[in-house]
Amino acid sequence: MTDSNRQFWKRSAKLPGSIQPVYGAQHPPLDPVRLKSIYLDSSLHERSRVPPFHPKSRKASSFHEFARNTSDAWNIEEDERDEAQHPPFYQTLNSRVAEVTAVKVIESHFKLQEENRCQASSVIKSMSEDQLHRITADDLILRKSLQKQQSLPLRPIIPLVARISDQNASGAPPMTVREKTRLEKFRQLLSCSNTDLDELRKCSWPGIPREVRPTTWRLLSGYLPASQERRILTLQRKREEYFGFIEQYYDSRNEENHQDTYRQIHIDIPRTNPLIPLFQQPLVQEIFERILFIWAIRHPASGYVQGINDLVTPFFVVFLTEHVEEDVENFDVSSLSQDTLRNIEADSFWSMSKLLDGIQDNYTFAQPGIQKKVKALEELVSRIDDQVHCHFKKYEVEYLQFAFRWMNNLLMRELPLRCTIRLWDTYQVDSNILFS
C-alpha cells in the first residue's frame, strides 16, 4: 500500500459501529441527489451563488464519495472532521430555497384543511340541529352494527365448548310454531292411557323435544311399558331392583377376581368427557362407577370394555334435564336431593342395559359385532363413492384403522354431546341402525 493510500484511509475512512443520532420518520436523512434536483428546479437564477464541491472530493474514489455522502452509523468524530474539510451538498442550500419550500408546505396544509372543513359543513347542513346533538359517534357505529345484523339470518349462538343441551334449552331462541306443534303432539301421545309406540317412533325420528325426551327414551328403549297406569309401579320396582344389585355386588369390587375390572373403570371414568365440568364432579363419577361395575358383573360374557363408559353419559344427561331447567354442563348435582340422584342413576343403568343388550357382541371376545359393522361400512362406501374406496385400497388403508372407534363408541368421541343426544333420538327409534 502506498503512502498516499495510507493517508487516504487514515483521514477519511469511516468504520461502522459508532453511535450516531437516529433520524425519525418525520425527518429522514437528506438525499443529496434529490436535494440537488429540487435545488436546480426551484433556484436556477441563484446557481452562481452555490459553491462547488471541494476539488479533492471530485478526485476521490467512488467509495470515498459514497461514504462521505451517506448518513449511517459512522464514527461521529470522523464525520465532524470530514464535514469541516469537505462540506456536504445540503449545507450549500441557501435560505431562499428553504423559504420557498416552507411556503409551499404551509399553503398545501391550509388548502387541505379548507377542503375538509367544506365537506364537514355540507354534511352538517343536511342534518337538523336536533339530530346533530343527538347522534354521537358511538350512535353511528351502533346503528351500522344493527343494520348489518338485521341483514343476516337469525342463528342460535353455539359456544366454543359444545353445550350438552339441544336447541330448545335455555339460552336458545324461542320455539317456533312448528316446534310448539310437535311438542304438543308428543304430549298427547304420552298422556294416552296406552301410548301408540309406532306413532311415537314416527314422531321421534326427526328429533325429540327436550321437555319430553326423558319419558320418550324410557318408552322407546323398552324400560317403561306403553300402559300409562303401569309406569309408576314399573319405575319403582326397577329402581329398587338396581339398588338391590348395589347392595349385593358393589362391595365385591375389592375382591381379587373383580379388582382388574374395577381398576379399569376407575381409570376410565375421569376420561369421560373431560371438557365438561359436570362429569368431573366426584359425585357423578361415583354414580358412573357403580353403574358400570354392576353392569360388568351381570354380563360376564363381555365384562367391562373401554368405551362402554361413554355410553352412560347421554342417558345420565337426559334424565338429569328432567330435574334441571338450565343448561346442565356446569350444574352442581350435589344440590339435588338424594332420592332424585338415585332415580337418575337407576334409570341410566337400565336404559344403558337395554341399549347394550342389542350390541353386546361389540364387546365380547374379538368384538365380532364391530368387525361386522366395519365391513358393512366398507361395502357401503365402495357402492356410493368408489373413488374414495379405491384411494383407501391404493394406500393400503384399512377401514378398521379409522372406523373402529366410531363403532365402539357409537360416534360419541366424534360429535359434541348435544349432537350425540340428538342422534340417539333416532337410535332409539330404529334399533336396526345399531344392531344390524
Side-chain angles (χ1 to χ4, degrees), residues 164-170 174-245 291 295 298 311-312 314-326 328 336-359 418 420-436:
I164 294 174
S165 54
D166 63 2
Q167 288 184 343
N168 294 332
S170 60
M175 286 193 297
T176 63
V177 175
R178 179 177 176 275
E179 290 172 338
K180 291 180 179 179
T181 303
R182 291 189 69 245
L183 178 58
E184 187 60 31
K185 175 70 173 177
F186 271 94
R187 283 175 172 163
Q188 290 176 3
L189 284 170
L190 297 175
S191 62
C192 293
S193 58
N194 197 10
T195 301
D196 185 348
L197 295 180
D198 290 335
E199 185 65 22
L200 185 62
R201 290 189 181 94
K202 182 180 178 181
C203 293
S204 301
W205 177 267
I208 303 171
R210 181 179 187 264
E211 292 79 0
V212 294
R213 182 176 280 131
T215 302
T216 304
W217 275 25
R218 293 188 185 103
L219 287 167
L220 293 178
S221 66
Y223 174 42
L224 279 186
S227 175
Q228 175 85 348
E229 61 182 20
R230 293 174 51 204
R231 292 177 191 170
I232 296 177
L233 292 177
T234 301
L235 281 176
Q236 183 178 355
R237 177 175 57 84
K238 299 295 285 185
R239 289 166 178 171
E240 290 176 355
E241 185 178 357
Y242 168 72
F243 283 101
F245 294 151
I291 291 174
W295 188 89
R298 298 188 71 248
L311 305 184
V312 185
F315 294 111
F316 182 82
V317 168
V318 167
F319 298 138
L320 180 61
T321 58
E322 198 171 22
H323 307 280
V324 178
E325 293 294 331
E326 66 270 17
V328 298
L336 296 175
S337 66
Q338 188 66 28
D339 288 341
T340 299
L341 287 175
R342 287 169 61 90
N343 292 341
I344 293 172
E345 180 178 345
D347 292 352
S348 299
F349 169 81
W350 287 115
S351 296
M352 186 196 72
S353 298
K354 291 289 184 181
L355 174 73
L356 290 174
D357 285 347
I359 58 173
R418 61 182 178 84
T420 300
I421 291 173
R422 165 60 191 92
L423 183 62
W424 280 34
D425 289 345
T426 305
Y427 284 173
Q428 302 284 352
V429 171
D430 189 356
S431 58
N432 290 327
I433 297 175
L434 299 175
F435 305 157
S436 59

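From a predicted model like this one, the values you see are computed outputs, not experimental measurements.
- Annotation: the span from Tyr242 atom OH to Arg342 atom CZ amounts to 9.5 Å, rounded to 0.5 Å.
- In this structure, Glu241 pairs ionically with Lys238, as a charged nitrogen and a carboxylate oxygen lie closer than 4.0 Å.
- Side-chain contact between Leu219 and Leu190: present, with at least one pair of heavy atoms (C-beta onward) separated by less than 4.5 Å.
- Closest of all the heavy-atom pairs between Gln188 and Ser191 is O-OG, 3.0 Å.
- Side chain of Ser193 to main chain of Gln228: no donor-acceptor pair is present (N/O by atom type, distance under 3.5 Å, no hydrogens or angles).
- Across Gln428 and Ser221, no two heavy atoms sit closer than the pair OE1-CB, 3.6 Å.
- In this structure, the side chains of Ile208 and Leu220 come closer than 4.5 Å at one or more pairs of heavy atoms.
- For Thr340, the side-chain hydrogen bond (donor to acceptor under 3.5 Å, both in side chains) test picks out Ser337, with sequence neighbours left out.
- Pairing each heavy atom of Phe243 with each of Ala346, the nearest pair is CE1-CB, 4.1 Å.
- Between the side chains of Arg218 and Thr234, not a single donor N or O lies within less than 3.5 Å of an accepting N or O.
- With sequence neighbours excluded, the residues satisfying side-chain hydrogen bond (donor to acceptor under 3.5 Å, both in side chains) with Trp295 are His299.
- Atom-to-atom distance recorded for Arg231:CZ and Glu229:CD is 10.5 Å, nearest 0.5 angstrom.
- Across all their heavy atoms, Arg182 and Gly207 have their closest contact at NH2-O, 2.5 Å.
- Rounding to the nearest 0.5 Å places NE2 of His323 at 4.5 Å from CD1 of Ile344.
- Across all their heavy atoms, Tyr223 and Ser351 have their closest contact at CD2-OG, 4.0 Å.
- Legend: residues meeting side-chain hydrogen bond (donor to acceptor under 3.5 Å, both in side chains) with Arg239, ordered by chain and number and at least two apart, are Asp347.
- Proximity of a side-chain donor or acceptor of Thr426 to a complementary backbone N or O of Trp205 within less than 3.5 Å is detected.
- A heavy-atom distance below 4.5 Å is not found between the side chains of Glu211 and Phe186.
- Proximity of Phe315 to Lys354: side-chain heavy atoms (C-beta onward) are nowhere separated by under 4.5 Å.
- Rounded to the nearest 0.5 Å, atoms CG (Leu200) and CG (Leu189) are 6.0 Å apart.
- Among all heavy-atom pairs drawn from Met352 and Ile291, the shortest one is CE-CG2, 4.0 Å.
- The existence of a salt bridge linking Arg201 and Asp198 is confirmed by a sub-4.0 Å separation between a basic side-chain nitrogen and an acidic carboxylate oxygen.
- Rounded to the nearest 0.5 Å, atoms OG1 (Thr216) and CG (Leu197) are 10.5 Å apart.
- Pro209 is not listed as a side-chain neighbour of Glu179, based on a closest heavy-atom distance of 4.5 Å or more.
- Once rounded to the nearest 0.5 Å, the distance linking CG of Leu183 with CZ of Arg178 reads 12.5 Å.
- Between Trp424 and Leu355 there is a side-chain heavy-atom pair separated by less than 4.5 Å.
- At a threshold of 4.5 Å between non-hydrogen side-chain atoms, the residues Thr321 and Pro214 count as touching.
- Taking the six-membered ring where tryptophan is involved, the planes of Phe245 and Phe349 are perpendicular, since the angle between them exceeds 60° and thus also 30°.
- A heavy-atom distance below 4.5 Å is not found between the side chains of Glu240 and Arg237.
- Applying the salt bridge (Lys or Arg N to Asp or Glu O under 4.0 Å) test between Asp425 and each of Arg418, Arg213, Arg210 identifies Arg213 as the sole match.
- Side-chain atoms of Arg187 never come within 3.5 Å of backbone atoms of Val212 as a donor-acceptor pair (strictly under, hydrogens ignored).
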